[in-house]
Amino acid sequence: MSELVVEVNNLSRSFGKTNALDCVDFKASRGKIYGLVGANGAGKTTLIKHLLGLLRAKSGSVRIFGEDPVRNSQGVLKRIGYLSEDRDIPDWMSIDELMRYTSAYHSGWDQSYAAELLNTFSLDSAKKIKTLSRGMRAQVALISAVAHRPDLLILDEPSSGLDAVVRKDILNAVVRTISEEGRTVIFSSHLLEEVERLSDHVTMIHQGKITLDSSLELINNNHHCSSIRFADPQNPLPLLEGVVAISGEGRSWSAVHEGSISAFQDAVKKIGGEVLESRHATLEEVFVSRVGRPDIRELSQLKENTK
Ligand code: ATP
């Protein structure tokens, strides 16, 4: 069996003048957890809709388990668990009715796992869905997405509506269990700290383009945050190799940069500065440095000035 569960090649999608996806390549392998990160409107849900076959690839291709999810929607969807962004579950059913209804669609439905999760969330299965809080609805939707133990679990903003305890303990446990069983999880999130805690692999998407796609380990090893000091004020700061974002003024600067610390120290030394302190950049710092926030604009101005 192929280890590649998802294979997206050169996928583009426009809605009117908006390029929701722009030449996106994305691959996901068996047994791994993929965090999809991007600001509002970055294109995460549009990508997910293509994986589910809810949108047809007009340009580029999408393969799930080696199949086209639009042409073979039945074969593909029965192996996927999906938690939608808007938790669209029928209001008029009770939790128990929803569980029975959902189980009818999935031959692999694991009733004891569903019951165990209902118990963990302290949900009363006799309750009507319309009487549940937003967080409870999210919990019910999550159970219906995972209880058939899908080969691929796709969660669109799973934390939205969940309180901190449920988010940290239960969501983590559910996602970890799925991946430890050799199944694949793809989840989108705005919570960088959560993505850092849960993912094996991080894909950053910005205005429809993939800006970073790498294992979390590589991202951690490759990105550092350093503070730099110069004897004299620098204005503008000469271009430094490997810098993805920089801020500061005069003698003191702070940079997020790629590559080794020693290479960066050498580069700073060459322009007459000194690295005072370096540490691994957090995922949040890497993200902010990649999405064109003020720091990165500052950097492109520096590049312009040094041309
Ligand atoms: P969020 O985190 O806010 O949910 P997202 O990363 O999931 O955002 P998408 O929902 O994929 O972003 O949207 C990407 C872009 O495509 C946005 O500019 C959005 O307005 C646009 N878009 C998405 N779906 C449609 C649609 N059906 N019709 C028109 N524009 C759309």
Side-chain angles (χ1 to χ4, degrees), residues 10 19 21-27 32-40 42-44 189-307:
N10 213 17
N19 279 340
L21 294 176
D22 191 355
C23 301
V24 164
D25 291 322
F26 173 71
K27 291 181 177 55
K32 293 221 166 103
I33 304 171
Y34 292 78
L36 202 54
V37 180
N40 288 124
K44 304 178 295 293
S189 181
H190 294 283
L191 302 175
L192 279 299
E193 175 260 332
E194 174 173 275
V195 173
E196 201 159 16
R197 198 175 58 237
L198 270 181
S199 315
D200 299 309
H201 190 104
V202 176
T203 304
M204 285 185 188
I205 181 161
H206 180 55
Q207 293 177 346
K209 283 189 195 308
I210 303 288
T211 54
L212 186 68
D213 185 38
S214 180
S215 74
L216 186 63
E217 195 183 349
L218 261 184
I219 295 175
N220 280 336
N221 289 341
N222 241 336
H223 289 82
H224 298 94
C225 206
S226 295
S227 47
I228 314 165
R229 183 138 185 102
F230 293 90
D232 301 314
Q234 306 287 307
N235 195 14
L237 182 70
L239 185 62
L240 273 166
E241 205 55 45
V243 167
V244 283
I246 195 151
S247 59
E249 57 181 350
R251 294 189 181 87
S252 301
W253 296 80
S254 158
V256 176
H257 54 97
E258 285 181 302
S260 75
I261 293 178
S262 60
F264 186 69
Q265 283 169 334
D266 289 346
V268 170
K269 210 169 167 186
K270 264 191 204 149
I271 59 166
E274 186 195 356
V275 174
L276 299 180
E277 194 185 21
S278 291
R279 58 168 173 81
H280 286 292
T282 63
L283 193 60
E284 181 144 2
E285 285 164 336
V286 175
F287 176 69
V288 171
S289 71
R290 300 244 168 205
V291 298
R293 296 283 160 83
D295 294 3
I296 198 86
R297 282 205 294 275
E298 213 168 302
L299 176 71
S300 36
Q301 267 167 15
L302 287 173
K303 282 183 177 162
E304 285 301 313
N305 292 345
T306 49
K307 269 182 191 165

Summary of salt bridge (Lys or Arg N to Asp or Glu O under 4.0 Å) pairs that have at least one residue in residues 219-247, sequence neighbours excluded: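 Pairs touching residues 219-247 that pass the test: none.
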
With sequence neighbours excluded, what pairs up with D266 under the side-chain contact (heavy atoms from CB on, under 4.5 Å) test? none

Looking only at heavy atoms, what is the nearest atom pair of [X] and [Y], with distance?
{"X": "D25", "Y": "D213", "result": "O-OD2, 4.5 Å"}
{"X": "L192", "Y": "L283", "result": "O-CD2, 3.8 Å"}
{"X": "L21", "Y": "G43", "result": "CD2-O, 3.5 Å"}
{"X": "C23", "Y": "N10", "result": "CB-OD1, 3.4 Å"}
{"X": "A255", "Y": "V243", "result": "CB-CG2, 4.4 Å"}
{"X": "H280", "Y": "N221", "result": "CE1-CA, 4.1 Å"}

Using a 4.5 Å cut-off on heavy atoms from C-beta on, say whether the side chain of [Y] contacts that of [X].
{"X": "F287", "Y": "T211", "result": "no"}
{"X": "E196", "Y": "I219", "result": "no"}
{"X": "I261", "Y": "V275", "result": "no"}
{"X": "V286", "Y": "M204", "result": "yes"}

Basic-acidic side-chain contact under 4.0 Å: E217, K32: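 Not counted as a salt bridge, because no side-chain N and carboxylate O are separated by less than 4.0 Å.
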
Could you point out which residue of V244, V256, V37 forms a side chain to side chain contact (heavy atoms under 4.5 Å, CB included) with R290?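 Result for side chain to side chain contact (heavy atoms under 4.5 Å, CB included) with R290: V244.
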
Does H224 use its side chain to pair, donor to acceptor, with the backbone of G259 at less than 3.5 Å?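 Yes.
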
Are the side chain of K44 and the backbone of A39 linked by a donor-acceptor contact shorter than 3.5 Å?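 Judged by distance alone, yes, a pair lies under 3.5 Å.
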
Calculate, to the nearest 0.5 Å, the distance between atoms CG and OG belonging to L216 and S199 respectively. 6.5 Å

Check ring-ring contact (aromatic ring centres under 6.0 Å, His included) between [X] and all other residues, then give those that pass, not counting sequence neighbours.
{"X": "H190", "value": "none"}
{"X": "H223", "value": "none"}
{"X": "H201", "value": "Y34"}

Those residues that, when tested against R251, pass salt bridge (Lys or Arg N to Asp or Glu O under 4.0 Å) (two or more places apart): none

